[in-house]
Amino acid sequence: MEMKEILKSLREKNRLTQGQLAERMMVTRQAVSRWETGETQPNTDTLKLLSQEFNVSINTLLGSPRQLVCQCCGMILSEDEMISREADGSYNENFCKWCHADIKVKSTILKPNGRKCDMKIYEKCPVLESKNFLVRQTKNDDCEELLKVYGDKNALPFFNSDNCDGDNFYYPTKERMTDAINFWSSSYENGWFARLSIIDKLASNIIGTVELCLRVSDDAFNQMGILRIDVRSDYEKESVLSELIALIAPCMPELLGCTGILTKAPIYAVERIHALLNTGFSKSEHLLIGKTGFAYDGYWTKD
């Protein structure tokens with residue numbers, strides 16, 4: 001429907017006359033009439049008032065000209081119920097409601113003068129190097145090569161997307177990959193997590209990424225360092241993962257100030273499980289409790 005039809009439908013659904021709506025919007029009845037005939041459209045401030053009055057997003061009022069996508073997790077916001085809201089009740093069409101809530105929590109916990117300042121990883125992002133791999137902070141220039149990782153459907157089952165608000169880390173287009181890299185960069189600046197690219201030194205290309213962060217929670221994994229390793233499916237091998245874990249894990253207590261290390265390996269991730277056993281990890285008996293209360297299995301820990 002066009003905007004004129006949407007406004008009329010919402011007004012009638014809420015049993016308001018043109019005059020009553022005009023009074024609430026602080027305009028004349030003639031102005032409302034012109035909106036509904038399509039002669040004119042409300043200005044930006046009035047659109048915000050209409051959005052709050054009818055409890056719909058501005059995008060919906062305009063006839064959904066844009067496909068809204070959460071700038072955090074990449075979720076398509078197909079319904080207004082999925083869109084985040086500010087404290088005054090207005091819609092924030094940049095985020096889904098789950099990511100927006102998470103950002104608020106992280107912003108409270110990790111302030112520039114708070115916990116972030118206690119972690120060396122945010123003073124300077126490390127560069128780590130082993131015999132076959134180099135690991136350094138992800139950059140915008142990594143986009144093309146990372147597309148081969150996050151557009152790899154065979155690698156997707158091994159990515160740890162637990163507690164990530166519905167994002168499965170499948171980024172098949174340059175636009176989606178660029179958005180993800182931009183979010184990773186802002187997350188590092190805010191002290192939420194660090195994302196580093198993995199470079200195969202012999203092949204001179206990027207084969208995956210590592211995410212490092214400190215978990216602050218009420219479950220058994222509080223104050224533990226989370227290690228996420230995402231690699232292309234042809235690198236999901238015991239030898240590769242063992243070398244990467246042995247390179248990164250020993251540095252995490254100093255970088256994050258964590259009390260232990262936590263990582264995910266589903267039951268079918270045979271090569272990854274063998275790599276974890278090789279590097280001193282053991283299967284945890286505890287479940288990871290997400291922010292929605294959902295419990296996740298498959299975690300391995302090392303003190």
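Predicted model only: the values in this text are computed from it and were never measured. The residues of the chain are indexed from 1 along the displayed sequence.
- Shown here is Lys283, whose NZ atom has more than 12 heavy atoms of other residues, nucleotides or ligands within 6.0 Å.
- For Asp141 and Lys139, the salt-bridge test fails: no basic side-chain N is under 4.0 Å from an acidic carboxylate O.
- Side chain of Ser197 to main chain of Gln137: no donor-acceptor pair is present (N/O by atom type, distance under 3.5 Å, no hydrogens or angles).
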Worksheet item: side-chain hydrogen bond (donor to acceptor under 3.5 Å, both in side chains) between Ser161 and Asn168: does it pass, once the steps are laid out?
Response: CA-CA 5 Å; Ser161 58; Asn168 63 358; over 6 Å; no
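- Ring pair Phe221/Tyr299 is tilted by interplanar angle, where 30° to 60° counts as tilted.
- With Tyr171 contributing its side chain and Ala180 its backbone, the two residues share no donor-acceptor pair below 3.5 Å.
- Every residue two or more places apart in sequence or in another chain that forms a side chain to side chain contact (heavy atoms under 4.5 Å, CB included) with Leu16 is listed here: Arg11, Asn14, Gln20, Leu21, Arg24, Glu53, Phe54.
- Note on ring orientation: taking the six-membered ring where Trp is involved, the planes of Phe183 and Trp192 are tilted (angle from 30° to 60°).
- If you chain together hydrophobic residues whose side chains sit under 4.5 Å apart, Ile83 and Val56 never meet in one group.
- Judged by distance alone, the side chain of Thr279 and the main-chain N or O of Ala275 form a donor-acceptor pair under 3.5 Å.
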Worksheet entry | Ser239/Ser242 under side-chain hydrogen bond (donor to acceptor under 3.5 Å, both in side chains): CA gap, chis, key distance, verdict | CA-CA 5 Å; Ser239 58; Ser242 291; over 6 Å; no
Item to complete: Start with the C-alpha gap between Arg136 and Asp142, add the side-chain angles, then the distance that decides, and say whether salt bridge (Lys or Arg N to Asp or Glu O under 4.0 Å) holds.
Response: CA-CA 11 Å; Arg136 50 92 175 136; Asp142 298 345; 2.7 Å; yes
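- Taking a 6.0 Å sphere around CD of Glu129, one finds it holds more than 12 heavy atoms contributed by other residues, nucleotides or ligands.
- The side-chain hydrogen bond (donor to acceptor under 3.5 Å, both in side chains) analysis of residues 205-219, with sequence neighbours excluded, yields the pairs Tyr150-Thr209, Arg195-Thr209, Arg195-Glu211, Glu211-Arg228, Arg215-Ser217, Arg215-Asp219, Ser217-Asp219.
- The two atoms that bring Ile261 and Ala249 nearest to each other are CD1-O, 3.2 Å, heavy atoms only.
- Electrostatic pairing of Glu39 and Lys4 does not count as a salt bridge here, judged by no charged N lying under 4.0 Å from a carboxylate O.
- Between the side chain of Glu93 and the backbone N or O of Leu68, no donor-acceptor pair lies under 3.5 Å.
- The side chain to side chain contact (heavy atoms under 4.5 Å, CB included) test with Pro42 is passed by exactly one of Leu49, Leu7, Val27: Leu7.
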Worksheet entry | Pair Leu10-Leu61, side-chain contact (heavy atoms from CB on, under 4.5 Å): steps then yes or no | CA-CA 9 Å; Leu10 288 169; Leu61 283 174; 3.6 Å; yes
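- The cluster map of Ile, Leu, Val, Met, Phe, Trp and Tyr, joined by side-chain heavy atoms under 4.5 Å apart, puts Leu244 and Leu212 in the same cluster.
- We find that Lys264 and Asp297 are not joined by a salt bridge, their nearest charged nitrogen and carboxylate oxygen being 4.0 Å or further apart.
- Under a hydrophobic-cluster definition in which Ile, Leu, Val, Met, Phe, Trp and Tyr are linked whenever side-chain heavy atoms come within less than 4.5 Å, directly or via other members, Leu262 and Met252 are assigned to different clusters.
- Under the 4.5 Å side-chain heavy-atom criterion for ILVMFWY residues, a single connected hydrophobic cluster contains both Leu147 and Trp184.
- Linking ILVMFWY side-chain heavy atoms closer than 4.5 Å, directly or via other members, places Ile207 and Phe158 in two distinct hydrophobic clusters.
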Worksheet entry | Pair His274-Glu271, side-chain contact (heavy atoms from CB on, under 4.5 Å): steps then yes or no | CA-CA 5 Å; His274 286 166; Glu271 299 282 330; 5.6 Å; no
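- Salt-bridge check for Arg272 with Glu238: failed, with every basic side-chain N at 4.0 Å or more from each acidic carboxylate O.
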Fill in: Derivation of the side-chain contact (heavy atoms from CB on, under 4.5 Å) call for Ile229 and Ile198
CA-CA 9 Å; Ile229 300 179; Ile198 306 167; 4.2 Å; yes
Practice prompt. Could you walk me through whether Asp200 and Tyr235 pass the side-chain hydrogen bond (donor to acceptor under 3.5 Å, both in side chains) test, one step at a time?
Written response: CA-CA 10 Å; Asp200 181 330; Tyr235 281 84; 2.6 Å; yes
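- In this structure, Lys131 does not pair ionically with Glu243, as no charged nitrogen and carboxylate oxygen lie closer than 4.0 Å.
- Between Ser51 and Tyr91, the shortest heavy-atom distance links the atoms OG-CD1, 3.5 Å.
- Tyr188 places a side-chain N or O within donor-acceptor distance of the main-chain N or O of Ile121, the cut-off being under 3.5 Å.
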Practice prompt. Carefully, step by step, assess Leu241 and Leu276 under the rule side-chain contact (heavy atoms from CB on, under 4.5 Å).
Written response: CA-CA 8 Å; Leu241 296 167; Leu276 289 170; over 6 Å; no
Practice prompt. With side-chain hydrogen bond (donor to acceptor under 3.5 Å, both in side chains) as the test, would you mind laying out the steps for Asp152 and Ser233 before giving the verdict?
Written response: CA-CA 7 Å; Asp152 181 355; Ser233 58; 2.7 Å; yes
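- Nearest heavy-atom pair across Asn59 and Pro65 is OD1-CD, 3.3 Å.
- A donor-acceptor distance shorter than 3.5 angstrom exists from the side chain of Thr178 to the backbone of Lys174, with no hydrogens or angles considered.
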